Amino acid sequence: MNQPASAFPQVPIAFRPHAGVVKTPLQFGSNAELVATQRTDLQRLLQGFQLPVGDWERFVLGAHDTKSTVRTTPVHPSFQQRVFDASVEMKVAVSNYAMHLTPETRAKLFHDLDEVVNVEDWYEEDALPSALSFRDFLKWTIFSKRYNWLSIGFSDEGYILVAWKSERALLSATFRGNARVLWTATRSSPEGETYAAGESTLQFFEREARLYLD
Amino acid sequence: MNGHTYRNPPIVEAVFEVQFSEPLSGRDLDRLRERFINRYPKVDQQYQVDVEINPDGRATTKAAPIGFRMTSSNALDTVTLQHQRFGTSRMAPYEGWEKFVSTVSANYDEFTKIAGRRTLTRIASRYINRLDIPTEELEGVDVLQFLRFGVAMPDEMSKSIGPFSVAANFSVDEVKVLAQCAVIAPALLNHLSFLFDIDAFIDKDISPHKDAIWAVAERLHQVKNHVFEAGITDRLRERFK
């Protein structure tokens, strides 16, 4: 029993996620400079609000136009709370990939995060973990199907550090959140140890990892 | 209109929300926050941000606090408390309707202990699905092989389609539905990701009785399942089993 469209109230779809696929209108003939100015102003005016990456691209309004959106910001930005929030943010990222992970892998991730991202082991001057870096690690893990990492940690810059071990090699990687990985490998052989290092895309790093871990 | 059972459902977030006509006071919101703080210890303040573009092209904003979003320690469950809405969400992994509605019901009971029974103006069940499909399976293949809800385009215009988004309002058995489908940033390497967001709701003739609310919830759930199953193909369905 369908109803005519007029039976529905206006829905605020302008800020719904689907608007995000409309990319920056920099095509020929657009008012790109105006849009860029608006976004710069918004970033200045909204300092202190946590906005998801890429959210700015959704703010495209015409002159005399008003839009509303809802934004969140932590209530208690104490050091303890910030570390706790960072841990929760990593777990939200795990949740986003839950359908591609087994319960055992999710439990391992949660366990390792609790071990590493906690107020006892974190220093106030350290950068908090980067969610982008952690998401790259999750993407790579699902892509490579390597769920047997030895340990995880975070660099001073907040990038996730991961180590894997095989019978003959130790491989470590820094996921930098830009779809690239810095890696080092140590391979043992009767002739002695050999060392290698590189920086590559996530896909290429999967091929490199096979050389050391399979 | 029963749904299938999936081992790996593509639901990234399930939300159940009620809206009410009489707004909560700031004191009510603070009390509710204290009521939920043990189960949902991460507290974020929510602001409504109004953005206005002036004739000279410059933007001005106004931000006003409207409530809280509170998250559990495992980051999988949240409650949203606002002046005129109360919601419970579950992130992936989704563990089934029975478990979700049991949490929703328990939270609503806690809510009414502080806020009382209010005249409800909207009850909604929203499921946000993310469908990750390997690019090699999509190459040269009509997206309709996977999704039946999307954009139709004549062959004379083009035989392939890039990023798109579509939002449609319709009703199923007197339940209103806002369904949205879009290509979004890929969640996985070598995959394309599609958003399939289904918001089933009623916004009139809502009985305040508790049993009636859960009867409505059941209807919304069935409609949501119906829309989801009608919107995807067996080929896509196989990926969640």
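Treat the numbers as computed from the prediction; the structure is a model and nothing was measured. Quick note: numbers below take in every heavy atom, side chains included, and nothing from hydrogens, waters or symmetry partners. Lettering of chains follows the sequences in order, A, B, ..., and the numbering in each one begins at 1.
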In this structure, CG of B:N74 is separated from CG of A:D114 (nearest 0.5 Å) by 10.0 Å

Within 6.0 Å of CZ in A:R106, more than 12 heavy atoms from elsewhere: yes

Taking every heavy atom of B:K42 against every heavy atom of A:D85, the minimum-distance pair comes out as CG-OD1, 3.2 Å

In terms of heavy-atom pairs under 4.5 Å with chain B, the winner among A:P103, A:S95, A:A98 is A:S95

Exercise. Inspect the surroundings of CD in B:E34 and state if more than 12 heavy atoms from other residues, nucleotides or ligands are less than 6.0 Å away.
Key: yes

Close side-chain approach of A:N96 and B:R130, heavy atoms under 4.5 Å
yes

Whatever's closer than 4.5 Å to a heavy atom in chain B on A:R135 counts as neither

- Donor-acceptor pair, side chain of A:Y97 and main chain of B:A187, under 3.5 angstrom: yes

Q) When you look at CD of A:Q80, are more than 12 heavy atoms from neighbouring residues, nucleotides or ligands closer to it than 6.0 Å? A) no

Ranking A:E206, A:K91, A:M99 by heavy-atom pairs under 4.5 Å to chain B gives rank one to A:M99

Answer yes or no: are there more than 12 heavy-atom neighbours, outside B:R235 itself, under 6.0 Å from its atom CZ? yes

Among B:V12, B:I11, B:L188, B:D132, the residue with the most heavy-atom pairs under 4.5 Å to chain A is B:L188

For B:S72 and A:V88, the nearest pair of non-hydrogen atoms, with its separation, is O-CG2, 4.4 Å

Checked B:G67, B:P10, B:S73, B:P9 vs chain A; the most non-hydrogen pairs under 4.5 Å come from B:S73

Other residues, nucleotides and ligands only: do more than 12 of their heavy atoms fall within 6.0 Å of NZ on A:K108? yes

Highest number of heavy-atom pairs under 4.5 Å with chain A among B:T71, B:L189, B:N190 belongs to B:L189

Above 12 or not: heavy atoms from other molecules or residues under 6.0 Å from NZ of A:K145? no

